[in-house]
Amino acid sequence: MTKRLNILVTTAWPYCNGDLHIGHIAGAYLGADIFARYQRLRGHNVLMVSGSDTHGTPITVRAEEEGVTPREIVDRYHPRIIRLWQELGITFDLYTETDTENHWRVSQDFFLTHWKKGYIYKDVMRQWYCLTDEQFLADRYVEGTCPYCGFPEARGDQCDNCGRILDAIELKNPRCRICGGTNLEIRETEHFFLDLAKLNEPLLEWIREDKEHWRPKVLNYTRAQLESGELRGRPISRDITWGITVPVPGYEHKRIYVWYEAVIGYFSATVEWSNIVGEPDAWKTWWKDPAARTYYFIGKDNIPFHTIIWPGMLIGYGDLNLPYDVPANEYLNVEGRQLSKSRRWVIEVLDVLERYDPDPWRYTLAAIMPEAGDVNFTWEEFVRRNNDELVATWGNLANRVLNFAYRNFDGRVPQPGPFDDLDTALLRASEEAFDTVGRHIDAVQIRAALREVRRLAEEANKYLNVKEPWKQIKGNREAAATTIYVALQVVDRLKVLFTPFLPFSSQKLHEYLGYEGNIMGRQWTEEIEEEQKKHLVLRYDGSDIPVRWEPSTLPPGQQLRKPKPLFRKLDPSVAEEEVERMLRMASGR
RNA sequence: GGCGGCGUAGCUCAGUGGUAGAGCAGGCGGCUCAUAAUCGCCGGGUCACAGGUUCGAAUCCUGUCGCCGCCA
């Protein structure tokens, strides 16, 4: 292989206030996993990290609604998110969370470094203060009448009726969301600001060079923002009690704003991983080596945080690698409607994995991944892709070849005779697929990559129909042996090509082909104890995977295992039933 | 109001300068090893509309219409 690269794969940190739906998976996590699995098979030095975002108002609001602490909300959903990664096979080397001593320490170090280097300044803000509760009310903790449209229940940061972004002090008839009272006044409060204006020029320099591999949409948006020269300071502290404390003497009662601290997780998680594996400096491999590449898999709503704010923070901190690529995806709609938790229009992953296997989901979501524009998921398409593409084209190919070998060649890989042109052409196509598919994944074109793998499976089916080994076996056993040998060889290679996309079924096929070993890698959870706190993490080890991203060679004579179908066919009626089920949920019945 | 995207066969979409493509759905045929799976053939589109650049435009430019985002 070529040069061994250090590749850091990261994904957006999900808010830990609920279960994840298929939009999250298609938007960020599945693409990241396919990319990471492929790069590991290539032999590159991959580290994939992420974690649960435990701070921020989505968590505290949820906690207050239920009358529990934010930490209790985190303790409920964090393990569920981890279980989802395990069930769907999303292979984080470390999936952690933000309420850890490690993350506090690293975030406060960022804050102090920015502060000392002059990238943070202090300023006075005017905010609502509740005299009853004796505290400032951060954006969502105050409600009132929208000054633009008159909507009486506008939130402090935004009006849900007209969609405008609001400054809370503009609200008319403000109410406190904690006590419900109206005993409010505007007070001045001091806050810290990240001086993005100062980072505008360095960011422009960075964005101008060596970005040909970026998606045009991401690059154009980022350039337009930076070239407008309008970056302004953004507050990074708040008057709340849940979050990381501001590490400046006299300001310990304030908390670091979640947007500033959450992105630091990309870095802090690699530090935590280094400590867990007992090599405290290992993180430098991905952050200090200029040839290392960092990929951020996110949804489009997160673009400015990853192409402007976080790179700016890294520049301000100094001497850490900036993003190599930010392959942001668009949105996945379901049955023509936007996914929405509040409107109960969701397909939750843990829920559907109770009824369906993980690989059909991985397959369908990879096949329609919203890389170029918004896409529409329908249950009908899910069933069709499962039945026509997974079951019929790929699963059936593997099954028919394995069965034939199992019955006619004593359950062994037959010894081939001389190859004819058809044999050679198919074998060559299977070799070349590693290049073409690999190039697509390298460019983070997951859909195109999967299309190419499927194309090879179709070619193999055609090959069998032309060669007709079921006829050959009657008169010319050696010819049939050659055909089945070639077909088995290609099935074995398709197994590898499909592994990043369909790890569970490739593992089964690996065993049917008579191999030993685990080609998916192992995932496990671990409780990490720090000085005061404990937290749950998910880990991964793929170091003993016995296959590589290269044409495999199945040895003649290898004993096969009795094959079973790789995928289950779905009755077309399930599409209707599932849509019906969603409509019931949405209407609250 | 500003910025951006999209509008290609019945459906879902691919295709960024050189004689319109895939899958599905529909029709016909072959095969029977395989989860009635597979393979071949056929029909079907003024590439939203109108101008322009070009020897040549779905592809570049301008405008119009429609849909959708983001921002103000």
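Chain letters run A, B, ... following the sequence lines, proteins first, then strands; residues in each count from 1. Computed from a predicted structure; not experimentally measured.
Of the residues listed (Asn329(A), Asp325(A), Asn220(A)), the one engaging Arg215(A) in a side-chain hydrogen bond (donor to acceptor under 3.5 Å, both in side chains) is Asn329(A), and it is the only one. For the pairing with Tyr515(A), the side chain to side chain contact (heavy atoms under 4.5 Å, CB included) check across Val547(A), Leu560(A), Leu554(A) returns one residue only, Leu554(A).
Across all strands, Tyr331(A) comes closer than 4.0 Å to no nucleic acid atom at all (heavy-atom distances). Ile484(A) comes within 4.0 angstrom of no nucleic acid atom, judged by non-hydrogen atoms across all strands. Contacts of Arg407(A) with the nucleic acid, taken as non-hydrogen atoms under 4.0 Å apart, involve only primed sugar atoms and P, OP1 or OP2. When heavy atoms are screened at a 4.0 angstrom cut-off, Pro565(A) is found touching base atoms of the nucleic acid.
Annotation: A37(B) and G30(B) have their C1' atoms spaced 15 Å apart (nearest Å). G21(B) sits 14 Å from C47(B) when the P atoms are compared, rounded to a whole Å. C6(B) and U59(B) have their C1' atoms separated by 15 Å, with the value rounded to a whole Å. Remark: the separation of the P atoms in G18(B) and A72(B) is 40 Å, to the nearest Å. When the P atom is used for both U8(B) and G52(B), the distance is 24 Å, rounded to whole Å. Look at the P atom in both A48(B) and A58(B): the space between them is 10 Å, to the nearest Å. Straight-line distance between the P atoms of C70(B) and U53(B): roughly 39 Å, to the nearest whole Å. For the P atoms, the distance from G63(B) to G5(B) is 13 Å, rounded to whole Å.
Protein atom CG of Asn387(A) is 16 Å distant from nucleotide atom C1' of A34(B), rounded to whole Å. In this structure, the NZ atom of Lys569(A) is 7 Å from the P atom of A36(B), given to the nearest Å. Protein atom CG of Asn376(A) is 18 Å distant from nucleotide atom P of C67(B), rounded to whole Å. Between Ile368(A) atom CD1 and A14(B) atom C1' the separation is 15 Å, expressed in whole Å. In this structure, CE of Met369(A) is placed 17 Å from C1' of A14(B), rounded to the nearest angstrom. The CG atom of Leu450(A) sits 16 Å away from the P atom of C13(B) (whole-angstrom rounding). Counting to the nearest Å, the C1' atom of G10(B) and the CD atom of Glu380(A) are 13 Å from each other. If you measure from atom CG of Asn333(A) to atom C1' of C68(B), you get 9 Å, rounded to the nearest angstrom.
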Nucleotides 24-31 of chain B: which of its N/O atoms have a protein N/O under 3.5 Å away?
unit_1 : atom_1 : unit_2    : atom_2 : d
G30(B) : N2     : Asn465(A) : ND2    : 3.2
C31(B) : O2'    : Trp470(A) : NE1    : 3.2

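Under the 30°/60° scheme for interplanar angles, the aromatic rings of Trp13(A) and Tyr266(A) are found to stand perpendicular.
Nearest to the side-chain atoms of Arg447(A) among the listed nucleotides G40(B), U38(B), C13(B) stands C13(B). Here the side chain of Ala392(A) is nearest to one of U38(B), G5(B), C33(B), namely U38(B). Taking the side chain of Val391(A) as heavy atoms from C-beta on, and the options G23(B), U35(B), G69(B), the nearest nucleotide is U35(B). When distances are taken from the side chain of Asn399(A) to each of C33(B), U35(B), A37(B), the shortest belongs to U35(B). Here C39(B) is the nucleotide among C39(B), C13(B), C68(B) with the atom lying nearest to any side-chain atom of Glu458(A). Out of A34(B), A14(B), U38(B), the shortest distance to the side chain of Arg451(A) is found at A14(B). Side chain of Thr393(A), nearest nucleotide from A37(B), C33(B), U38(B): U38(B).
Ring centroid separation for the pair Phe498(A) and Trp394(A) comes in under the 6.0 Å cut-off.
Between Ile236(A) and Trp259(A) the shortest side-chain heavy-atom distance falls below 4.5 Å. Thr499(A) is not listed as a side-chain neighbour of Tyr38(A), based on a closest heavy-atom distance of 4.5 Å or more. No side-chain heavy atom of Met313(A) sits less than 4.5 Å from a side-chain heavy atom of Leu196(A). Residues Asn17(A) and Lys341(A) have side chains in contact (heavy-atom distance under 4.5 Å, counting atoms from C-beta outward).
At the phosphate of G40(B), OP1 or OP2 sits under 4.0 Å from a side-chain N or O atom of Lys462(A).
Between Glu452(A) and Arg455(A) a salt bridge is recorded (basic side-chain N to carboxylate O distance below 4.0 Å).
Contact between Ser430(A) and Leu456(A) at its shortest, heavy atoms only, is CA-CD2, 3.8 Å.
Put simply, the side chain of Asn396(A) and the base of A37(B) share no donor and acceptor less than 3.5 Å apart.
When each of Lys300(A) and Glu330(A) is assigned the nucleotide of RNA chain B with its nearest heavy atom, Glu330(A) is the one assigned upstream, toward the 5' end. Map Ala224(A) and Val375(A) each onto its nearest nucleotide of RNA chain B; the residue landing nearer the 5' end is Ala224(A).
A donor-acceptor pair shorter than 3.5 Å can be found between the side chains of Tyr485(A) and Gln489(A). Side-chain contact of Tyr331(A) with Gln338(A): a donor-acceptor pair under 3.5 Å is absent, judged by distance alone.
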For RNA chain B, the dot-bracket pattern of Watson-Crick and G-U pairs whose distances stay under 3.5 Å, | for other-strand partners: ((((((((.[[[[.)..(..]]]].(((((.......))))).....[[[[[..)....]]]]]))))))).
